[in-house]
Amino acid sequence: MPATLMNSREKSIYEQYQNVIAYFIVELEVRDTEYPVEIFNEIRAIFTHLSRYKIQESEDDLMSAERHVKRAILDCFKYMCVSYAEEITQFRNAYRKVDLKIADNGKFLPKLDLLEHEARAAYIAAKNSEIRGNISEENLYQMYENTYDKYKKLSDFLVDSNEAILFASSHSKRSNFINIISIIVTAFSIVVAIIFAFI
């Protein structure tokens with residue numbers, strides 16, 4: 001194989017590490033404060049094969065390094081999907097007492113539900129295909145990339161809807177306060193009525 005082509009492939013490995021894998025690692029560390037060991041193992045394998053390729057000029061090792069790059073990116077997609085899913089769960093728990101139906105004039109919650117449903121369905125489909133093993137590595141990669149895109153869209157939607165969420169939250173707190181005051185006033189009125197009934 002010509003040296004120029006080999007060099008081009010080697011450069012592509014470094015570019016994918018720098019522009020894709022390293023980006024996801026930083027994202028995962030910031031989001032989850034951890035560095036998934038599976039991704040670390042793939043990176044170690046990439047550079048083990050690259051060093052053999054450089055020393056022995058073995059095309060087999062270059063091909064192996066390329067395969068491990070693909071697997072590392074696949075693992076990044078998987079871990080990011082899990083991280084995004086956890087983000088949505090935490091959001092739902094944090095705002096369970098907030099009337100989100102009023103956010104963005106009633107448009108927020110249906111869209112959130114739809115985006116979450118699409119992302120979860122894509123993840124389940126990818127996971128089932130992986131478990132059954134009846135799919136090529138390339139197709140599995142595309143399924144997880146598609147799932148990642150859907151979860152990213154869901155996460156971005158939450159960020160973009162922050163103002164509407166805060167409005168619903170403040171309105172719900174005001175409503176809760178008014179309800180509490182109403183209950184107290186009602187209870188007080190009943191007590192007064194009972195007292196006057198006995199006088």
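If you read the sequence from its start, that first residue is 1, and numbering goes on from there.
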Is it true that Phe40 and Leu74 fall in one hydrophobic cluster, defined by side-chain heavy atoms closer than 4.5 Å? yes
If you round to the nearest 0.5 Å, how far is NE2 of His68 from CZ of Arg44? 10.5 Å
Do Tyr14 and Ile39 belong together in a cluster built from hydrophobic side chains that touch within less than 4.5 Å? yes
Would Phe47 and Tyr53 show up in the same hydrophobic cluster when neighbours are defined by side-chain heavy atoms closer than 4.5 Å? yes
Same cluster for Tyr141 and Tyr23 if Ile/Leu/Val/Met/Phe/Trp/Tyr side chains link at under 4.5 Å? yes
Looking at Tyr84, does the NZ or CZ of Lys152 lie under 6.0 angstrom from its six-membered ring centre and within 45 degrees of the ring axis? no
Between Ser83 and Arg31, do the side chains contain an N or O donor and an N or O acceptor separated by less than 3.5 Å? yes
Would you give the length of the straight line joining atom OG of Ser155 to atom CZ of Phe91, rounded to the nearest 0.5 angstrom? 11.0 Å
Please round to the nearest 0.5 Å and tell me the distance separating atom CG of Leu115 and atom OH of Tyr151. 11.5 Å
Shortest non-hydrogen separation from Leu50 to Ala65 and the atoms involved: CG-CB, 4.2 Å
In Å, rounded to the nearest 0.5 Å, how long is the span from CG of Leu109 to OG of Ser161? 10.5 Å
Pair Val69-Val20, side-chain contact (heavy atoms from CB on, under 4.5 Å): steps then yes or no: CA-CA 10 Å; Val69 165; Val20 181; over 6 Å; no
Mind listing the closest non-hydrogen atom pair of Ala119 and Thr147 along with its distance? O-CG2, 4.0 Å
side-chain contact (heavy atoms from CB on, under 4.5 Å) partner of Leu112, the single match among Leu158, Ile165, Asp104: Leu158
Do you know which two heavy atoms are closest between Lys150 and Ala122, and how far apart they sit? CD-CB, 3.8 Å
Minimal non-hydrogen separation, Ala103 against Ala168, with atom names: CB-CB, 4.0 Å
Would you please test Glu118 and Lys153 for salt bridge (charged side-chain N to carboxylate O under 4.0 Å, His left out) and show each step? CA-CA 10 Å; Glu118 289 175 349; Lys153 186 176 178 182; 5.3 Å; no
State whether the side chain of Thr33 and the backbone N or O of Glu29 hold a donor-acceptor pair below 3.5 Å, judged by distance alone. no
Judged by modelled atom types alone, do Arg96 and Asn93 share a side-chain donor-acceptor pair under 3.5 Å? no
Glu10 and Lys54: side-chain contact (heavy atoms from CB on, under 4.5 Å), yes or no, with the steps? CA-CA 10 Å; Glu10 184 185 355; Lys54 293 297 275 184; 3.3 Å; yes
Please report whether the ring centroid of Phe108 lies less than 6.0 Å from that of Phe157. yes
Could you list the residues that satisfy side-chain contact (heavy atoms from CB on, under 4.5 Å) with Lys127, not counting sequence neighbours? Tyr123, Glu130, Ile131, Tyr144
Take a 6.0 Å sphere around CD of Glu163 and say whether it holds more than 12 heavy atoms from other residues, nucleotides or ligands. no
Shortest non-hydrogen pair, Glu42 vs Asp75, comes out as CG-OD2, 3.7 Å
Walk me through it: do Lys78 and Glu38 pass the test salt bridge (charged side-chain N to carboxylate O under 4.0 Å, His left out)? CA-CA 11 Å; Lys78 291 178 186 179; Glu38 290 85 354; over 6 Å; no
Could you tell me whether Arg67 and Glu137 make a salt bridge, using a distance below 4.0 angstrom between a side-chain N and a carboxylate O? no
Can you tell which of Tyr35, Tyr79, Phe77 makes a ring pair (Phe, Tyr, Trp, His ring centres under 6.0 Å) with Phe24? Phe77
Value rounded to 0.5 Å, distance of CD in Glu66 from CD1 in Ile13: 5.0 Å
Quick one: CD on Glu27 to CG on Asp32, what's the gap to the nearest 0.5 Å? 9.5 Å
Taking everything shown except Glu34 itself, do over 12 heavy atoms lie less than 6.0 Å from its CD? yes
Just by distance, no angles: are the side chains of Arg9 and Ser12 close enough, under 3.5 Å, to form a donor-acceptor pair? no
Just do the side-chain contact (heavy atoms from CB on, under 4.5 Å) check on Ile21 and Ile46 with the steps written out, would you? CA-CA 12 Å; Ile21 299 170; Ile46 291 166; 4.2 Å; yes
Audit row: Asp160, Lys111, salt bridge (charged side-chain N to carboxylate O under 4.0 Å, His left out) steps and yes/no: CA-CA 12 Å; Asp160 294 341; Lys111 182 156 187 189; over 6 Å; no
Considering all heavy atoms of both residues, which atom of Ile135 and which atom of Asn139 are nearest to each other, and what is their separation? CG1-CB, 3.4 Å
